[in-house]
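The chains referred to below are lettered A, B, ... by the order of the sequence lines, with proteins before strands, and numbering in each begins at 1. These numbers come from the heavy atoms of this one structure, side chains and all, not from hydrogens, waters or symmetry mates.
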Protein chains: 2
Amino acid sequence: MQIGELASRSGVSTKTIRYYEDIGLLPPPPRSPSGYRDHDTSTLDRLAFVRAAQAVGLSLGEIRGIVALRDEGQTPCGHVLDLLRTRSAELDRRITELRALQGELIRLVARAERLDPADCDPARICHLVGPV
Amino acid sequence: MQIGELASRSGVSTKTIRYYEDIGLLPPPPRSPSGYRDHDTSTLDRLAFVRAAQAVGLSLGEIRGIVALRDEGQTPCGHVLDLLRTRSAELDRRITELRALQGELIRLVARAERLDPADCDPARICHLVGPV
DNA sequence: CTTGACCTTCCAGCGCGCTGGAAGCCTTAC
DNA sequence: GTAAGGCTTCCAGCGCGCTGGAAGGTCAAG
C-alpha cells in the first residue's frame, strides 16, 4: 500500500510516517519501480504500537529501543516493563510536584482576595506573586 | 553594578540576564562609557519577581505582560489574578490527565505480572502495551 | 607591556515531535 | 497533451527557555 493509504488507515500523517522511518521506528519499506514506498499491513500494527506506547508516556527514543529489540528477534517485554515502572515512578514524582504547585496557586489566589491592589509595591511588580 | 555581580547576587546567569533584557523582561540598563551595562538594585527585585512568577507556572511571555503593565504605571494585580486562576484551572486538568495516565500505567504493570513474555505476539511488538 | 578577567554583540543549537514548503518525478483521467 | 493528485527528497522552522561559542573591546594588577 502507498504511504497515503497507510496514512488514512492509521490516522498518522504521511509526514510523520516518513519521519518515523527516518528515526528508525519503522523499517524501510520496499519501493515500487518508480521509488514509491510500498508498505504492508504489518506497518499498521507497528504504527498502532507506536501510538499506544506514546499514549502511556514513552518517548520515541524509548519506543525505538523496544522495536529494535523485537527486530533483533528478542522479546522486549522485560525491557518494556522496566520502562513502564520507571515512567510510573517519574509520573508519581511529577504529580506530587504539580499538586504542590496547585496548592501554592490556590493559596496565592486566596491571599489575593485579602489584598488590596492599592497596597502593591511597584518595585515588587505585584505582591500577589512572591514569598508569603 | 556590572552584569557579573548582578548574576552572582541574583543567581541568574549573565546569559539569561541579557536574554531577559532582549525579550523585554528587564528594562535596558544605562551603559558605562565603554558600553558595559550598569544595573541598579531594582533589577534584583525584577529578577526575583521573574523567578517567583516562573515558579508558580507563568511563562516568560505572561511575565512580560505583567511587567509591561507595571512599567506603564498600571497596577497589574487584576491581570495577575486572572493568570493565576487560569493557570490553576489548567493545572487541575493537567493533574487529572496525569492521574489517569498513572492509573493506566499501574494497570499495565499489574497486568504484566500475569502475562508470559513467551505469549507475546511479535507482530504487536509487545503485548504489555496496547488495548487491554 | 602583558596577562587575565571581565565585558560586548551576534549567530547557532539544544530537546522533542513533528510540520511546512520547495522542487521535481509518476500515474491516471480526460 | 495536460491537469490533478499522488509520490520523492531535502532543508527549515515551530515553541520554550535558555546555553554555547566566536570574535573582539575594556580594565586593573603586576
Side-chain angles (χ1 to χ4, degrees), chain A residues 1-26 28-40 43 46-67 83 86-87 90-91 94 98 101, chain B residues 1-26 28-40 43 46-67 83 86-87 90-91 94 98 101:
Chain A
M1 113 187 64
Q2 290 187 175
I3 197 170
E5 186 186 345
L6 179 61
S8 59
R9 286 174 66 176
S10 66
V12 178
S13 75
T14 60
K15 277 284 192 191
T16 300
I17 292 169
R18 280 189 283 258
Y19 171 67
Y20 284 175
E21 184 188 329
D22 282 347
I23 64 171
L25 281 181
L26 302 178
R31 300 293 183 120
S32 77
S34 52
Y36 287 16
R37 288 172 178 79
D38 182 19
H39 287 280
D40 63 28
T43 308
R46 179 71 66 110
L47 285 173
F49 177 79
V50 171
R51 291 312 207 187
Q54 277 192 304
V56 296
L58 300 185
S59 71
L60 296 186
E62 288 165 338
I63 299 168
R64 175 171 44 206
I66 297 167
V67 302
L83 288 172
T86 302
R87 191 61 70 254
E90 287 170 3
L91 194 47
R94 182 77 183 130
L98 292 186
L101 178 55
Chain B
M1 113 187 64
Q2 290 188 179
I3 197 170
E5 186 187 344
L6 180 61
S8 59
R9 286 175 65 176
S10 65
V12 177
S13 76
T14 60
K15 278 284 191 191
T16 300
I17 292 169
R18 279 190 282 256
Y19 171 67
Y20 285 175
E21 183 188 331
D22 281 348
I23 65 171
L25 282 181
L26 302 179
R31 301 293 182 119
S32 76
S34 52
Y36 287 16
R37 287 171 179 80
D38 182 19
H39 287 281
D40 62 29
T43 308
R46 180 69 67 111
L47 284 172
F49 177 78
V50 171
R51 290 312 205 187
Q54 277 192 304
V56 295
L58 300 185
S59 70
L60 296 185
E62 288 166 337
I63 299 168
R64 175 172 44 206
I66 297 166
V67 301
L83 288 172
T86 302
R87 191 61 69 254
E90 288 170 3
L91 194 48
R94 182 76 184 133
L98 292 186
L101 178 55

Polar atom pairs (N or O), protein with nucleotides 24-28 of chain D, under 3.5 Å:
| unit_1 | atom_1 | unit_2 | atom_2 | d |
| --- | --- | --- | --- | --- |
| dG25(D) | N2 | Tyr36(B) | OH | 2.6 |
| dT26(D) | O4' | Tyr36(B) | OH | 3.3 |
| dT26(D) | O3' | Ser34(B) | OG | 3.4 |
| dT26(D) | O2 | Tyr36(B) | OH | 3.4 |
| dC27(D) | OP1 | Ser34(B) | OG | 3.0 |

Kindly compute the distance separating CZ (Phe49(B)) from CG (Leu25(B)), expressed to the nearest 0.5 Å.
10.0 Å

Protein-nucleotide distance (His39(A), atom NE2; dC7(D), atom P), rounded to Å
10 Å

Sorted by number, the residues of residues 1-10 of chain B with heavy-atom contact under 4.0 Å to DNA chain C:
Gln2(B), Ile3(B), Gly4(B)

Each nucleotide of nucleotides 16-22 of chain C classed B (base within 4.0 Å of a protein heavy atom), S (only sugar-phosphate) or -, in 5' to 3' order, makes -BBSBB-

Which residues satisfy the side-chain hydrogen bond (donor to acceptor under 3.5 Å, both in side chains) test with Gln54(B), sequence neighbours excluded?
Arg51(B)

Hey, what do you get for CG (Leu6(A)) to OG (Ser13(A)), rounding to the nearest 0.5 Å?
10.5 Å

From CD1 of Ile23(B) across to C1' of dG15(D) the rounded distance in Å is 13 Å

Residues in side-chain hydrogen bond (donor to acceptor under 3.5 Å, both in side chains) contact with Thr43(A), at least two apart in sequence or another chain
His39(A)

The criterion is salt bridge (charged side-chain N to carboxylate O under 4.0 Å, His left out); which residues satisfy it with Arg94(B), sequence neighbours excluded?
Glu97(B)

With sequence neighbours left out, write down each residue that passes side-chain hydrogen bond (donor to acceptor under 3.5 Å, both in side chains) with Ser32(A), or none if nothing qualifies.
Ser34(A)

Tell me the bend of the helix from dC1(C)-dG30(D) to dC30(C)-dG1(D) as the angle between end helix axes, each from five pairs, rounded to the nearest 10 degrees.
40°

Under the salt bridge (charged side-chain N to carboxylate O under 4.0 Å, His left out) test, residues paired with Arg18(B) that sit two or more places apart:
none

The side-chain contact (heavy atoms from CB on, under 4.5 Å) partner of Leu58(A) among Leu83(A), Thr86(A), Val50(A) is Leu83(A)

Arg9(B): partners by salt bridge (charged side-chain N to carboxylate O under 4.0 Å, His left out), with sequence neighbours left out:
Glu5(B)

Can you list the residues that meet the side-chain hydrogen bond (donor to acceptor under 3.5 Å, both in side chains) rule with Asp40(B), with sequence neighbours excluded?
Ser42(B)

Describe the nucleic acid contact of Arg18(B) in one word from base, sugar-phosphate, nothing, applying a heavy-atom distance below 4.0 Å.
base

Just to verify, what does Arg64(A) make a salt bridge (charged side-chain N to carboxylate O under 4.0 Å, His left out) with, not counting sequence neighbours?
none

Rounding to 0.5 Å, atoms CZ (Arg46(A)) and CD1 (Ile17(A)) come to a distance of 13.5 Å

Would you check if the side chain of Asp38(A) reaches a backbone N or O of Met1(A) as a donor-acceptor pair within less than 3.5 Å?
yes

Arg31(A) CZ - dT27(C) P separation (whole Å)
14 Å

